[in-house]
Amino acid sequence: MKRLVLIRHASTVANENGLLCGSMETDISEKGRLEIDCLKERIERLKKEENWKLSKVYVSESKRTEETVKDIENLEIIKIKDLGEIDFGDFEGKTFEWIKNEYPKEYDKLCTEGFDYRYPNGENAIEAYEKNKRAIEYILEDMEDDSTAIICAHSGSIRNILSYMLCGKLENHWNFKIENAKITVLEYDYGFSVLTKLNY
């Protein structure tokens, strides 16, 4: 059995200002620093109560993911580009309200095209799902049997991973709410996934 400990990065300045933040960098906020302290405590509790032995730590290339987990365990941090959030393209660092006011036609497309909508010079949800799918397939291949790994990524990335591993399709993406610096756990065995914790 392989245990995936999925963690969304701690709260950032962009999160607190409602900014779209996929490929761009943003700092962990003061609130996020406190969340990291609580996260460390929860990880230690689970290691003791459930006898977890962490073997690897995977993060996206965004510094906010590495900052969230770098002091949790003395393990090499493995960066995987395909764990990244959707690329919001020209709308990185903007709010939905700004898009609605400045680019109303583009905003209408965003609302009506669903998963097919591609952010200008960015990605659409299908492309983001496929890259996150590649990432988790690589991680599962890289992990040893009977091991536990931390995967620190983004809200969209984790929703995509859950959609793929539990449902096998993107359409369930919005059925999962993923909170900052909280723990979601998947146990994977013989091609079958079980969700044992959500936002712990």
Item to check | Presence of salt bridge, K81 and E61, under 4.0 angstrom | outcome: no
Checklist entry - Judged by atom type as modelled, is there a donor-acceptor pair below 3.5 Å linking the side chain of S60 to the main-chain atoms of S62? => result yes
Checklist entry - With the threshold set at 4.0 Å, does a side-chain nitrogen-carboxylate oxygen contact exist between D27 and K63? => result yes
Item to check | Test side chain to side chain donor-acceptor pair (under 3.5 Å) applied to E85 and S157, step by step | outcome: CA-CA 5 Å; E85 180 65 277; S157 309; 4.5 Å; no
Checklist entry - Quick check: does any side chain N or O of N180 sit under 3.5 Å from a backbone N or O of H9, one acting as donor and the other as acceptor? => result yes
Checklist entry - Mind checking whether F91 and Y103 have parallel, tilted or perpendicular rings, split at 30° and 60°? => result tilted
Next on the checklist: Is any side-chain heavy atom of I80 closer than 4.5 Å to one of I139?
Outcome noted: yes
Next on the checklist: Main chain of Y200, side chain of R42: is a donor-acceptor contact present, judged purely on distance under 3.5 Å?
Outcome noted: yes
Next on the checklist: Can a donor-acceptor pair be found, under 3.5 Å and without considering hydrogens, that links the side chain of E127 to the backbone of N124?
Outcome noted: yes
Next on the checklist: Donor-acceptor pair, distance only, cut-off 3.5 Å: does the side chain of E92 make one with the backbone of S23?
Outcome noted: yes
Next on the checklist: For the aromatic rings, using the six-membered ring if either is Trp, is the centroid distance between Y107 and F96 under 6.0 Å?
Outcome noted: no
Checklist entry - Angle class for the Y164/Y129 ring planes (parallel below 30°, perpendicular above 60°, tilted otherwise)? => result perpendicular
Checklist entry - Can you check whether T12's main-chain N or O pairs, donor with acceptor, with N15's side chain at less than 3.5 Å? => result yes
Next on the checklist: Apply side-chain contact (heavy atoms from CB on, under 4.5 Å) to residues L46 and I183 and explain how you reach the verdict.
Outcome noted: CA-CA 10 Å; L46 289 168; I183 297 167; 3.9 Å; yes
Next on the checklist: Check for me whether the distance between the ring centres of Y117 and F115 falls short of 6.0 Å.
Outcome noted: no
Checklist entry - Got more than 12 heavy atoms from elsewhere within 6.0 Å of CD, E16? => result yes
Checklist entry - Would you call R118-E123 a salt bridge at under 4.0 Å N-O? => result no
Checklist entry - Do side-chain atoms of T68 reach the backbone of A10 as a donor and acceptor pair under 3.5 angstrom? => result yes
Checklist entry - Is any NZ, NE, NH1 or NH2 atom of the basic residue among R64 and E67 found under 4.0 Å from an Asp or Glu carboxylate oxygen of the other? => result no
Next on the checklist: Atom CG of residue position N74 - does it have more than 12 heavy atoms of other residues, nucleotides or ligands inside 6.0 Å?
Outcome noted: no
Checklist entry - Charged N to carboxylate O under 4.0 angstrom, E97 versus K100? => result no
Next on the checklist: Counting neighbours of NZ on K47 that are heavy atoms of other residues, nucleotides or ligands and sit closer than 6.0 Å, is the number greater than 12?
Outcome noted: yes
Checklist entry - When rounded to the nearest 0.5 angstrom, what distance separates CD1 in I136 from CD in E141? => result 12.5 Å
Checklist entry - Hey, does the side chain of E187 reach the backbone of L195 with a donor-acceptor pair shorter than 3.5 angstrom? => result no
Checklist entry - Under 3.5 Å, side chain of K2 to main-chain N/O of L140, donor-acceptor pair present? => result yes
Next on the checklist: Whether E50 and K197 form a salt bridge (side-chain N of Lys/Arg under 4.0 Å from carboxylate O of Asp/Glu) is what I want to check.
Outcome noted: yes
Next on the checklist: Please check this pair: side chain of E76 against backbone of K56, looking for a donor-acceptor N/O pair closer than 3.5 Å.
Outcome noted: no
